[in-house]
Amino acid sequence: MHAAQPELPPDAPASLAPTLRLAIVGAGPAGLSLALQAARALPEAHITVFDARPSDADISGDARTLALSQGTVQELTRIGVWDAIERSGRQAPIREVHVSQQQPTVLWPGTEQPEVRISAAEQGVPQLGAVVSYGTLVAPLQAAWVQAVAQDEHRLAMRFGTPVKGLKPVADGVEVDADIAECHDLVVVAEGGVFAHQPKLNWPEGLSRDYEQTAWVGQVLLEDVTADSADAATDGTAYERFTPSGPAALLPLPPGPVVAGGASGRRAALVWCVQAGDDPVRDLDEAQRLTLLNTIFHPRVGRILQTSPLKAFPLGLNAHRRLVSEGAVVRIGNAAQTLHPVAGQGFNLAMRDVHELLAALKAEAWHTDADVQPQVRRALSRFEHRRQPDRLALLATTDFLARSFTWPAPILATARGLGLGVVQQLGPLKRLVARSMMFGWR
């Protein structure tokens with residue numbers, strides 16, 4: 001069957017004929033961010049976004065938590081949606097990151113155990129990042145894209161309720177099977193899902209590793225801090241705690257209840273990683289989980305007063321070796337790599353993919369009438385070359401940290417603790433870690 005070309009309205013002038021036909025599969029935050037920026041940066045491109053969800057689906061209430069780096073916040077500001085998110089009051093700034101370890105570091109001098117504390121003030125930035133819910137982020141991005149389509153319907157399109165069933169390389173691009181077969185010059189897959197539901201990759205296509213760990217995810221209510229308390233600065237702090245079972249994290253959220261009808265107060269998103277084969281959480285009731293949680297985190301956190309119901313997610317690594325596959329297909333975000341949440345960088349990695357892909361596309365002269373496939377190949381080669389160092393560094397770091405919790409040697413906890421102490425004491429190293437946390441390894 002011959003693939004159809006994306007259609008223009010019959011009354012569209014010839015000058016509007018696109019020189020680049022770009023398809024984006026997935027209307028999540030990465031896909032929509034790319035679509036909005038590409039529409040501005042590539043004014044002659046024809047851009048179509050496909051997503052399986054129906055057009056009337058309300059995604060604003062999706063409470064899944066995303067930790068945004070400062071680099072990601074800056075990208076969203078450039079897109080034009082961050083001001084609206086800030087005004088909504090449904091985001092919480094990260095002003096400090098506190099990393100510590102539950103096990104003692106036996107070779108560390110003094111009574112205080114090593115820790116890393118990185119603050120926005122010492123890095124000279126207004127915040128290190130922010131925490132938002134998935135719905136809080138996607139709703140304004142989707143509204144902005146729908147508006148852009150309405151204003152420029154000759155070249156922009158949103159295909160809600162249209163799952164993509166397959167992609168097939170053809171001579172002049174990629175055939176997208178979505179209700180009908182359409183040919184596009186370039187397809188960006190920005191829809192990855194979670195580790196448990198992804199087809200597992202085998203080398204040389206990629207690498208898949210089941211960490212045999214479970215992430216328990218939910219929200220907690222923390223005791224309030226008073227203005228004269230020594231811990232008053234903990235508001236706006238993201239905590240990471242290395243425990244014998246795995247890493248646990250608390251991310252600041254806007255004030256509110258954690259359960260329907262519950263008390264309002266200082267909330268945090270909880271990500272609690274444990275060994276699946278020796279899960280200390282699964283068989284506990286809410287009260288027992290609360291008691292256990294209060295033994296885990298650093299004293300600076302204060303008491304945890306309440307937990308929401310927790311959901312469990314299996315954890316693993318699923319990473320394509322290359323971002324660009326046969327033909328003109330490129331994967332970004334979770335479609336390219338699903339990581340352990342130990343570093344909290346999955347979505348930020350996706351946004352850096354978006355940034356570099358757009359830069360590579362902008363470098364080509366798409367207004368020419370020549371065959372665009374050589375330009376597409378050059379752009380994708382440039383994109384992959386620039387993205388791999390940052391991507392591989394984060395893949396290696398999260399994989400090492402995730403697997404280190406399954407190694408029985410007691411010396412590993414001491415080595416990890418000594419590493420925390422060295423980072424805190426060495427200013428240049430600490431600044432490097434802070435910068436990579438905010439902007440990636442670039």
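Because only heavy atoms are used, hydrogens play no part in the values below, and waters and symmetry mates are left out as well, while side chains stay in.
- For the pair Lys200 (side chain) and Phe195 (backbone), a donor-acceptor distance under 3.5 Å is present.
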Residue pair Glu356, Arg387: steps toward the salt bridge (charged side-chain N to carboxylate O under 4.0 Å, His left out) verdict: CA-CA 7 Å; Glu356 291 295 347; Arg387 283 302 300 137; 5.6 Å; no

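- With a 4.5 Å cut-off on side-chain heavy atoms, Leu128 and Met438 count as touching.
- Here the side chains of Phe297 and Thr243 are not in contact, with every heavy-atom distance at 4.5 Å or above.
- Tyr134 carries Arg64 over the face of its six-membered ring, with the cationic atom under 6.0 Å from the centre and within 45° of the normal.
- Asp353 contributes atom CG, which lies 10.5 Å from atom CZ of Phe347 (distance to the nearest 0.5 angstrom).
- Checking Leu357, Val25, Val329 one by one against Val188, the side-chain contact (heavy atoms from CB on, under 4.5 Å) holds for a single residue, Leu357.
- Proximity of a side-chain donor or acceptor of Arg331 to a complementary backbone N or O of Arg322 within less than 3.5 Å is not detected.
- The closest donor-acceptor contact from the side chain of Gln198 to the backbone of Gly192 lies under 3.5 Å.
- In this structure, Thr398 contributes its side chain and Leu394 its backbone to a donor-acceptor pair below 3.5 Å.
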field: Verdict with reasoning, Asp399 to Arg403, per salt bridge (charged side-chain N to carboxylate O under 4.0 Å, His left out)
entry: CA-CA 6 Å; Asp399 184 56; Arg403 289 190 294 139; 3.1 Å; yes

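- Met437 places none of its side-chain heavy atoms less than 4.5 Å from the side chain of Ser69.
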message: I'd like to know whether Glu364 forms a salt bridge (charged side-chain N to carboxylate O under 4.0 Å, His left out) with Arg378, so could you lay out the CA-CA distance, the side-chain angles of the two residues, the decisive distance to 0.1 Å, and finally the verdict.
response: CA-CA 8 Å; Glu364 295 296 328; Arg378 282 198 305 269; 2.8 Å; yes

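- With a 6.0 Å radius and a threshold of 12 heavy atoms from other residues, nucleotides or ligands, Arg382 has its CZ atom above the threshold.
- Expressed to the nearest 0.5 Å, how far CG of Leu251 lies from CG of Leu270 amounts to 9.0 Å.
- In the model, Glu75 has no side-chain atom that pairs as donor or acceptor with a side-chain atom of Ser33 under 3.5 Å.
- When atom types are taken as modelled, the side chain of Glu96 and the backbone of Thr237 share no donor-acceptor pair closer than 3.5 angstrom.
- Counting heavy atoms from C-beta on, the side chains of His184 and Thr48 come closer than 4.5 Å.
- When side chains are defined from C-beta on, Ile296 counts as touching Trp272, because their heavy atoms get closer than 4.5 Å.
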task: Apply the test side chain to side chain donor-acceptor pair (under 3.5 Å) to residues Gln142 and Arg53: give CA-CA distance (whole Å), side-chain angles for both, the deciding distance (0.1 Å), then the verdict.
output: CA-CA 12 Å; Gln142 180 171 303; Arg53 70 172 178 266; 2.4 Å; yes

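- Between the Arg267 side chain and the Leu221 main chain, no donor and acceptor come within less than 3.5 Å of each other.
- Each of His298, Arg300, Arg241 was compared with Ser100 under the side-chain hydrogen bond (donor to acceptor under 3.5 Å, both in side chains) criterion, and only Arg241 meets it.
- Using a 4.5 Å heavy-atom cutoff, the side chains of Thr291 and Gln288 are not in contact.
- Contact check for Leu315 versus Cys273: side-chain heavy atoms found under the 4.5 Å cut-off.
- The residues Arg117 and Glu122 are annotated as not salt-bridged, no charged nitrogen and carboxylate oxygen being separated by less than 4.0 angstrom.
- At least one side-chain heavy atom of Pro93 sits under 4.5 Å from a side-chain heavy atom of Gln91.
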- request: List the steps and the verdict of side chain to side chain donor-acceptor pair (under 3.5 Å) for Glu240 and His98.
  value: CA-CA 6 Å; Glu240 179 123 31; His98 183 281; over 6 Å; no

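- Between Asp390 and Arg352 there is a salt bridge, with a side-chain nitrogen of the basic residue lying less than 4.0 Å from a carboxylate oxygen of the acidic one.
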Test log, rule salt bridge (charged side-chain N to carboxylate O under 4.0 Å, His left out), inputs Glu223 and Arg266: CA-CA 7 Å; Glu223 67 178 346; Arg266 193 163 61 100; 5.9 Å; no

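- The backbone N or O of Ala45 lies less than 3.5 Å from a partner atom in the side chain of Arg155, making a donor-acceptor pair.
- Relative ring orientation between Tyr211 and His340 is described as perpendicular, the plane-to-plane angle rising above 60° on a 0-90° scale split at 30° and 60°.
- Under a cutoff of 6.0 Å and an axis angle of 45°, Arg289 and Trp216 form a cation-pi pair.
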